[in-house]
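The next block holds one structure in the form of structure tokens; read it before the comments.
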Amino acid sequence: MPIANDNQSRAAVAIQRCLRLARFSEQEGKITRTFLSPPMHDCHQEIYEWLEPLGARMTVDAAGNFRALYPGESADAPRLLIGSHLDTVPDAGAFDGVLGVVLGMALVEALGGKRLPFAIEIVGFSEEEGVRFGVPFIGSRAFVGTLDEELLARKDARGVNVRGAIQDFGLDAREIPAARLTGDILGYVEFHIEQGPVLEDLGLPLAAVEAIAGQSRLEFTFAGRANHAGTAPMRLRHDALAGAAEWIAAVEGEGRGTDGLVATVGAVSATPGAINVIAGEARVSLDVRHREDDIRRRAVDNLIRAAQEIASGRGLGLKHRTLLDQNATPMDQNLVELTEEAIRGTGCKVHRMTSGAGHDAMIMAQQVPAAMVFLRSPGGVSHGPAESVSQEDVAKAIETGSNLLELLASAKNMSARTRLSQAS
Ligand code: GLV
Ligand code: MN
Ligand code: MN
């Protein structure tokens, strides 16, 4: 693909690249690329070929993160990280995550060979969605040193653990400590589709993200008694799935009843799973989010209590386990302000918002100043094949990114670096 030389053409190339990477999938006719699944090899290879002409040094670290370092003016220059994730939900759209990686490339290409007072590391994180192992951010956790033994031992639906998945991909989990962030880092910037309707409603192409909502993810198992659907009278049943269904309605009620809270049951499985058998067991997921951690935790406590009450009223057993309890994360205020200045420089009105979706930036923010730019999501749609983005908005995002690089490169902001880091 020829390198484009203006932001509209760069945007067109970025969109084509997202669509091209969408072809590397575990499922015929759908975009599904979970943590270190075989199509991730092709995805890395493709990105490698796009970045080779730029003279970037490329590696895949032991957690499967694709990393490309475009050098700065000097060998000891600090680094700015730009990226997002390369894994997807099942039957995904083409832009969630991937767009942030290809925009990193577009920004380096837009430099036209110019070196900055800092190096740029483009990162394609291996895992952010939490689909294969139920726990998200495997890639970015390796950057901050929290990809621990417990997580490495987690198993997927086929009984393969994270360590095994890393080995199957041709990597060595013993090298994970070497993936940690080291050296002088200016910050982390992530471009991402909004995945919601706010920017479309406001008629704006871009937003600066000021914080990312906290998330809880849990798994509940209702245990009943499997029996014949024709012979067991209704009053003598212990139907695990009916108990779970009653609780799912309570989850929706909790979400609707609390301002700003979202509570979702997105996965249910019943066993034995036959039309003429009362379910003996029902496994149900829970995802709860709010920008305030106290409100989120209170909602989770309420829902655990509700599950216990429903289970005991129906003579069911109940177990639950927490998969994720991720605090809400503010972005670095100084970097957010620079991002806003960069957006303003494109002639767009600046809007600040909290992200309801989780992002690698919330993990990176544990160690480096982090900021995000959202691009309008047409129809507010994401996590499905209807996800899209407009070329004009992508061009504005590239312009914003180039402005941000210039702002960061200016002597004033380079010397404010310590301030950025201290603020994080
Ligand atoms: C990631 O997309 C999330 O679930 O927020
Ligand atoms: Mn994403
Ligand atoms: Mn996603």
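Start at 1 and go down the list; that is how both ligands and their atoms are numbered. Since the structure is predicted, the reported quantities are computational estimates derived from the model, not experimental observations.
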Worksheet item: How many degrees, to 10°, between H192 NE2 and D96 OD1 as seen from the Mn ion (ligand 2)?
Response: 90°
Worksheet item: Counting only heavy atoms not in Q308, do more than 12 sit closer than 6.0 Å to its CD atom?
Response: yes
Worksheet, complete the sentence: Counting heavy atoms under 4.0 Å, the part of H85 that contacts ligand 1 is neither
Worksheet item: Looking only at distance, does G358 have an N or O less than 3.5 Å from an N or O of ligand 1?
Response: yes
Discussion item. Please work out, at 4.0 Å between heavy atoms, whether the side chain, the backbone, both, or neither of Q326 comes within that distance of ligand 1.
Written reply: neither
Worksheet, complete the sentence: So the atoms of ligand 1 within less than 4.0 Å of a heavy atom of Q215 turn out to be 5 (O)
Worksheet entry | Top protein contact for atom 4 (O) of ligand 1, by heavy-atom distance | R289 NH2, 2.8 Å
Worksheet item: Are any N, O or S atoms from H85 nearer to the Mn ion (ligand 2) than 2.8 Å?
Response: yes
Practice prompt. Identify, by name, the N, O or S atom of E129 lying closest to the Mn ion (ligand 3).
Written response: OE2
Practice prompt. Return yes if a side-chain donor-acceptor contact under 3.5 Å exists between S84 and E190, otherwise no.
Written response: yes
Discussion item. Within the 4.0 Å heavy-atom shell around R217, which atoms of ligand 1 are there?
Written reply: 3 (C), 4 (O)
Worksheet item: atom 1 (C) of ligand 1: which protein heavy atom is closest, and how many Å away?
Response: E129 OE1, 3.3 Å
Discussion item. Is it true that E387 and S382 share a donor-acceptor pair across their side chains at a distance under 3.5 Å?
Written reply: yes
Item to complete: Check all N, O or S atoms of H383 and name the one closest to the Mn ion (ligand 3).
Response: NE2
Worksheet item: With a 6.0 Å cut-off on ring centres, are F191 and H359 close enough?
Response: no
Fill in: Check: F66 ring centre within less than 6.0 Å of Y48 ring centre
no
Fill in: Close-contact set for ligand 1 against A357 heavy atoms, below 4.0 Å
5 (O)
Worksheet item: Any luck finding a side-chain donor-acceptor pair between S216 and R296 under 3.5 Å?
Response: yes
Fill in: Ion pair R115/E73, N-O distance below 4.0 Å
no
Discussion item. Return the OG1 to CZ distance between T354 and R291, rounded to the nearest 0.5 Å.
Written reply: 6.5 Å
